[in-house]
2 protein chains.
Amino acid sequence: MTKALERREKQRADLILSAERMIATRGLAGLKTRDLAREIGCANGAVYNLVADVDELVLRVGSRTLLRLDEALSAAVRAGNPSPKETLVRIAIAYCDFAAENLQLWRALFEHRMETEKALPDWSVDDQLQLFRHIYQPLAALLPKRDAEELGITARSLFSAVHGMVALGLEQRLVAVPLPALRKEIASLVRAMIDGLVAQAA
Amino acid sequence: MTKALERREKQRADLILSAERMIATRGLAGLKTRDLAREIGCANGAVYNLVADVDELVLRVGSRTLLRLDEALSAAVRAGNPSPKETLVRIAIAYCDFAAENLQLWRALFEHRMETEKALPDWSVDDQLQLFRHIYQPLAALLPKRDAEELGITARSLFSAVHGMVALGLEQRLVAVPLPALRKEIASLVRAMIDGLVAQAA
DNA sequence: AATATTTCTTGAACGATGTTCAAGATTGCT
DNA sequence: AGCAATCTTGAACATCGTTCAAGAAATATT
């Protein structure tokens, strides 16, 4: 019994890694159960012994991506010892860089939601909220008069604004923006947002 | 000959309207050629006489949506005669309201891009760039020292930031944000961005 | 007006794809 | 070794977008 379960877990891990590789190279739409089955060496039907459906598979890959994103943002905060304002700029730039370097996996994070209506499992929701904590602390230092709830909302807004710039900036359909220019733009607008918020609070 | 072409055009218009209705009620994923054919009264294969493929259909619906969005933003600018700063706030709020009121159609605008790699036809690209002109003018008044290219980039960044707030704000997966709170947040952050940009320029 | 030619429309068929399931193979327990 | 529980298989199903040969309709020609 232990042997079988071990093998199962091993294959499950293989499956998720294969799915991750496949999304990274061919995009979310390029993820096919039959190709996955061939890659990990099993029948296509066997995929459903390892995972309930592709939705779960995508969410598991997404969870890994969020983890790596979290690490990237943590590293950006850790480097040097800048002011709260520059910390927030670094986080934004790090988010942009991560998205550019993991374009397809990062996109999959947001593309997938639209397709299914069913609620997300808890293990998937938790990760997402963790991201805001990187923003929360520097923001609290800059806006000492705001209470925790206000800070949470503002942190989310700040994140969303940067996300929008990255999302539309990395889109090739509109005018293609070279990555260095995008980074500069993001840094500039983040500084503007922070300056504006601090000025409003004064 | 003219009679047949007329009928064709009529049916083409019907098809696009049906597609629009279908996306609005069932989402982009709910758009099915067989259902469309039944609605406009023709065989499913006949859809491909009116339109090259579903991609084109989605783009045509998107074009209509962008037109209505443009009108909504124009109306927001027209109302009253506020300062450039408040004009930009109104545009942002109008964008948020439009997205909320036309949720599925608005989402389809951005969901669709990911799926196809082929370049967009010109008639579809043009509309998108027009949106920035609403932002450009008030921004030029606020930042008189910036040249046209810089203003264009900043206008796009501002739009992207607001788009991000709306996109993640209207997402139900994360913490659900009530619409009035979202509008308030957007107004607040737009004012902060503008204040910050103006202060930087000084 | 009758016929020929071009064009359009049809709906069956194709190829993909996610998912299911009964039958066969494998594993774990006594 | 033998039995029961479990897992694996790959064929089958349903649902898509899309294509296409054949029949219907419209247009052009005589």
Side-chain angles (χ1 to χ4, degrees), chain A residues 1-16 18-23 25-62 108 111-118 121, chain B residues 1-16 18-20 22-23 25-62 104 108 111-118 121:
Chain A
M1 181 198 196
T2 84
K3 204 58 175 300
L5 282 191
E6 252 176 45
R7 200 182 101 92
R8 229 174 109 90
E9 278 312 309
K10 173 86 166 66
Q11 210 167 27
R12 233 169 87 95
D14 278 359
L15 177 67
I16 293 170
S18 276
E20 183 173 282
R21 209 167 27 235
M22 204 170 284
I23 293 176
T25 59
R26 318 197 311 206
L28 186 56
L31 187 71
K32 313 285 167 175
T33 58
R34 282 167 179 82
D35 293 344
L36 284 172
R38 195 174 331 109
E39 274 201 23
I40 67 174
C42 72
N44 70 55
V47 169
Y48 294 85
N49 298 337
L50 306 171
V51 107
D53 47 28
V54 288
D55 274 353
E56 183 190 331
L57 194 48
V58 174
L59 289 179
R60 297 227 113 95
V61 171
E111 283 180 40
H112 185 249
R113 69 172 158 75
M114 333 274 199
E115 299 170 10
T116 109
E117 284 303 320
K118 39 186 175 179
Chain B
M1 182 197 196
T2 83
K3 203 59 177 298
L5 283 190
E6 253 177 43
R7 200 182 100 91
R8 230 176 108 90
E9 278 313 308
K10 172 84 167 66
Q11 209 166 28
R12 232 169 88 94
D14 278 0
L15 176 66
I16 294 170
S18 276
E20 184 174 282
M22 206 171 282
I23 293 176
T25 58
R26 318 197 310 206
L28 187 56
L31 187 71
K32 314 285 169 178
T33 58
R34 282 169 179 81
D35 293 344
L36 285 172
R38 194 173 331 110
E39 275 202 21
I40 67 173
C42 72
N44 69 56
V47 168
Y48 295 85
N49 298 337
L50 306 171
V51 109
D53 48 28
V54 290
D55 275 353
E56 184 190 332
L57 194 48
V58 175
L59 289 179
R60 296 226 113 96
V61 172
Q104 303 274 38
E111 281 180 42
H112 185 248
R113 70 171 157 75
M114 333 276 197
E115 299 169 11
T116 110
E117 284 303 321
K118 39 185 175 179

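Each chain gets a letter, A, B and so on, in the order the sequences are listed, and its residues count up from 1. We use all heavy atoms of the structure for the numbers below, so side chains are in, but hydrogens, waters and symmetry mates are not.
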Tell me the interatomic distance from A:L36, atom CG, to C:dT17, atom P, rounded to whole angstroms. 12 Å

Would you kindly give the OH-to-C1' distance between B:Y48 and C:dC8, to the nearest whole Å? 17 Å

Can you check the B:L28 CG to D:dC16 C1' distance for me, whole Å? 14 Å

Round to a whole Å and report the spacing from CZ of B:R8 to P of D:dA26. 15 Å

If you look at every strand shown and take non-hydrogen atoms under 4.0 Å, does A:L57 touch a base, only sugar-phosphate, or nothing? nothing

Hits for side-chain hydrogen bond (donor to acceptor under 3.5 Å, both in side chains) against B:R38, two or more places apart or cross-chain, chain-then-number order -> B:D35

Protein N or O to nucleotides 9-13 of chain D N or O, pairs below 3.5 Å:
| unit_1 | atom_1 | unit_2 | atom_2 | d |
| --- | --- | --- | --- | --- |
| D:dT9 | OP2 | A:A43 | N | 3.2 |

Whole angstroms only, please: what is the CG-P distance between A:D55 and C:dT17? 17 Å

Looking at CD of A:E111 and CD1 of A:I23, how far apart are the two atoms once the value is rounded to the nearest 0.5 Å? 9.5 Å

Figure out the NE2/C1' separation between A:H112 and C:dG18, and round it to whole Å. 12 Å

CE (B:M22) and NZ (B:K32) are apart, to the nearest 0.5 Å, by 10.0 Å

Categorize B:L31 for me: base, sugar-phosphate, or nothing, with a 4.0 angstrom heavy-atom threshold over every strand shown. sugar-phosphate

State which residues pass side-chain hydrogen bond (donor to acceptor under 3.5 Å, both in side chains) with A:Q11; sequence neighbours excluded, sorted by chain then number. none

side-chain hydrogen bond (donor to acceptor under 3.5 Å, both in side chains) partners for B:T33, two or more places apart: none

Under 4.0 Å: is that the gap between some side-chain N or O of B:T33 and OP1 or OP2 of D:dG17? yes

Euclidean distance, atom NZ of residue B:K32 to atom C1' of D:dC16 [Å, nearest integer]: 7 Å

Sequence neighbours left out, what passes side chain to side chain contact (heavy atoms under 4.5 Å, CB included) with B:A19? Give chain and number order. B:L31, B:L36, B:L57, B:V61

What's the CZ-P distance between B:R26 and D:dT15, to the nearest Å? 13 Å

Those residues at least two apart in sequence (or on a different chain) that pass side chain to side chain contact (heavy atoms under 4.5 Å, CB included) with A:R34 are A:N44

